[in-house]
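The structure under discussion appears below in the form of structure tokens.
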Amino acid sequence: MDRIDVFWHQGMLNHDTSSGVFDTGLDPGFLDVLEKHPENPDRIKNMLSILKRGPISPHISWHTGRPALIPELLKFHTHEYINELIEADRNGGKMLCAGTFLKPGSWDAAVLAAGTTISAMKHILDGHGKIAYALVRPPGHHAQPTQADGYCFLNNAGLSVQLALGSGCQKVVVIDIDVHYGNGTAEGFYKSNNVLTISLHMNHGSWGPSHPQSGSVDELGEEKGFGFNMNIPLPNGTGDRGYVHAMTELVVPAVQKFGADMIVLVIGQDSSAFDPNGRQCLTMEGYREIGRIVHSLAARQSGGRVLIVQEGGYHVTYSAYCLHATLEGVLNLPLPLLSDPIAYYPEDEAFAVKVIECIKQHYKDTLPFFKGGLI
């Protein structure tokens, strides 16, 4: 477990999200400088370069991704939705929901992101490596079976989980640390007891028709899946120690009780202290420690097998640094390879700890597989 197999394809940079006021794509007419959409190619270019030239580079093996096939996409998404995307692409593109623009080149990039993530999962399933990272865009964890949402068209992580289930895995755990609720992935497995979806996110609630889910502790799954969707909405400013507390008090015992043939770690660096899209104040050390915890879980539960899937992270520089730290943690390297250039926030996790303890008590009372008590 001293190597990470990274799957990447240059064609994913062809998704053009344009410029405007934040993610609206609008020019109000009174600003001289319009900023790029948060989900732009520059953020991924820096992630790519830090893995190629940063101190972690000796631990990286590179693999070329490929486009997904339509039958693969239909393992998670409906025919109607895929046809809608294909038609939109054929007609030159459209805005699918707020901030989410399908433009010429976007569909090809989305299909590449999906296929690249599937290829990374297959690499692990075929026994060619223990840890793989799908460095992909556009992101996917908000994409639901029937609709786009939050910059996402196709649910890359969800498609990889479907491949794992179809390849003999009985239990798959998804741990999503993006700052926003992984609502699309949760929705895709909401009635399944074979997939435990865990999301640690900012307590942002629903944001409209494309994102009707609230991410609250009451969204537990349905039918056979009741109790297998675990939301951990965290207060703004939770920080490194607060996130580690949530991981150790909630995520670790949940995964231990559920068991896992495969762990999918869904990462977004928008939980960082300097991200324009989040307010959670994680630093490199927080991401590093989360990676270490996942490493330990995988060693005990899934034979060391972890697929890492890229989602958000919009500070062009710090997102790359936080990615580097996360992968250091997943590799369980004894010492940090890269120092933090800007982490100087004071932390006060007291309120976050109180919230986490309340969530813990709630799940002890409601989640069927926790009836024996949380550790």
Side-chain angles (χ1 to χ4, degrees), residues 141-142 150 157 172-190 195-207 211 213-221 225-258 260 263-272 275 277-282 286-287 289-294 296-297 301 309 311-312 326 329 347 349-370 373-375:
H141 73 148
H142 296 310
V172 179
V173 170
V174 179
I175 303 169
D176 188 331
I177 63 168
D178 186 277
V179 81
H180 304 107
Y181 176 34
N183 60 311
T185 315
E187 187 73 19
F189 301 104
Y190 211 59
V195 182
L196 174 62
T197 48
I198 304 173
S199 179
L200 300 91
H201 49 265
M202 183 171 63
N203 192 11
H204 53 68
S206 170
W207 59 56
H211 191 108
Q213 304 86 358
S214 69
S216 75
V217 295
D218 297 318
E219 293 177 347
L220 297 167
F226 179 80
F228 295 95
N229 186 65
M230 187 174 175
N231 292 332
I232 306 174
L234 296 169
N236 288 359
T238 290
D240 294 345
R241 292 193 293 268
Y243 264 79
V244 169
H245 189 71
M247 290 291 294
T248 55
E249 293 296 313
L250 291 169
V251 177
V252 169
V255 176
Q256 288 175 339
K257 284 182 174 289
F258 179 74
I263 294 176
V264 178
L265 176 61
V266 178
I267 61 172
Q269 298 79 24
D270 43 6
S271 304
S272 86
D275 199 273
N277 265 21
R279 301 291 181 269
Q280 294 306 78
C281 295
L282 274 173
Y287 283 104
E289 187 58 31
I290 291 170
R292 291 189 188 110
I293 292 169
V294 172
S296 178
L297 274 175
Q301 297 288 326
V309 182
E311 296 290 348
T326 306
E347 277 197 41
E349 74 276 18
F351 179 61
V353 167
K354 289 180 181 179
V355 171
I356 291 161
E357 291 306 310
C358 289
I359 295 172
K360 181 177 177 180
Q361 185 59 51
H362 175 74
Y363 283 142
K364 284 174 68 175
D365 296 337
T366 57
L367 294 188
F369 67 93
F370 273 166
L374 279 163
I375 295 171

Minimal non-hydrogen separation, [X] against [Y], with atom names:
X	Y	answer
Ser271	Asp178	OG-C, 3.7 Å
Arg279	Met202	N-SD, 3.7 Å
Pro233	Val355	O-CG1, 4.0 Å
Tyr287	Ser272	OH-N, 3.2 Å
Tyr181	Ser199	CD1-OG, 3.5 Å
Gly150	Trp207	CA-CZ2, 4.4 Å

Do [X] and [Y] have side chains that approach each other closer than 4.5 Å (heavy atoms only, starting at C-beta)?
X	Y	value
Phe228	Val195	no
Glu219	Ser214	yes
Asn277	His180	yes
Thr326	Ile290	no
Asp240	Glu349	no
Met247	Leu200	yes
Leu234	Ile356	yes
Phe258	Gln301	no

Main-chain N/O of Pro235 paired to Thr238 side chain as donor or acceptor, under 3.5 Å
yes
Backbone N/O of Gly215 and side chain of His201: donor-acceptor pair under 3.5 Å:
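Yes, because the side chain of His201 sits within donor-acceptor range (under 3.5 Å) of the backbone of Gly215.
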If only side-chain N and O atoms count, and only distance matters, is there a donor-acceptor pair under 3.5 Å linking Glu187 with Gln213?
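Yes, a side-chain donor-acceptor pair sits under 3.5 Å.
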Does a side chain donor of either His245 or Glu357 reach within less than 3.5 Å of an acceptor in the other side chain?
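Distance-only check passes for His245 and Glu357.
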Between the CD atom in Glu311 and the CD1 atom in Ile177, the distance rounded to the nearest 0.5 Å is 11.0 Å
Using 0.5 Å steps for rounding, measure from the CG atom of Leu196 to the CD1 atom of Ile263.
10.0 Å
Among Asn229, Thr185, Asn231, Asn183, whose side-chain hydrogen bond (donor to acceptor under 3.5 Å, both in side chains) with Thr197 holds?
Asn229
Have a look at Glu249 and tell me which of Lys360, Lys354, Lys364, Arg241 forms a salt bridge (Lys or Arg N to Asp or Glu O under 4.0 Å) with it.
Lys360
Mind checking whether His211 and His204 have ring centres under 6.0 Å apart?
yes
Walk me through whether Leu250 and Ile359 qualify under side chain to side chain contact (heavy atoms under 4.5 Å, CB included).
CA-CA 8 Å; Leu250 291 169; Ile359 295 172; 3.9 Å; yes
Tell me whether Glu289 is salt-bridged to Arg292, with the criterion being a basic N under 4.0 Å from an acidic carboxylate O.
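Yes, this pair counts.
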The test is side chain to side chain contact (heavy atoms under 4.5 Å, CB included); show your working for Asp218 and His362 and say whether it passes.
CA-CA 9 Å; Asp218 297 318; His362 175 74; 3.6 Å; yes
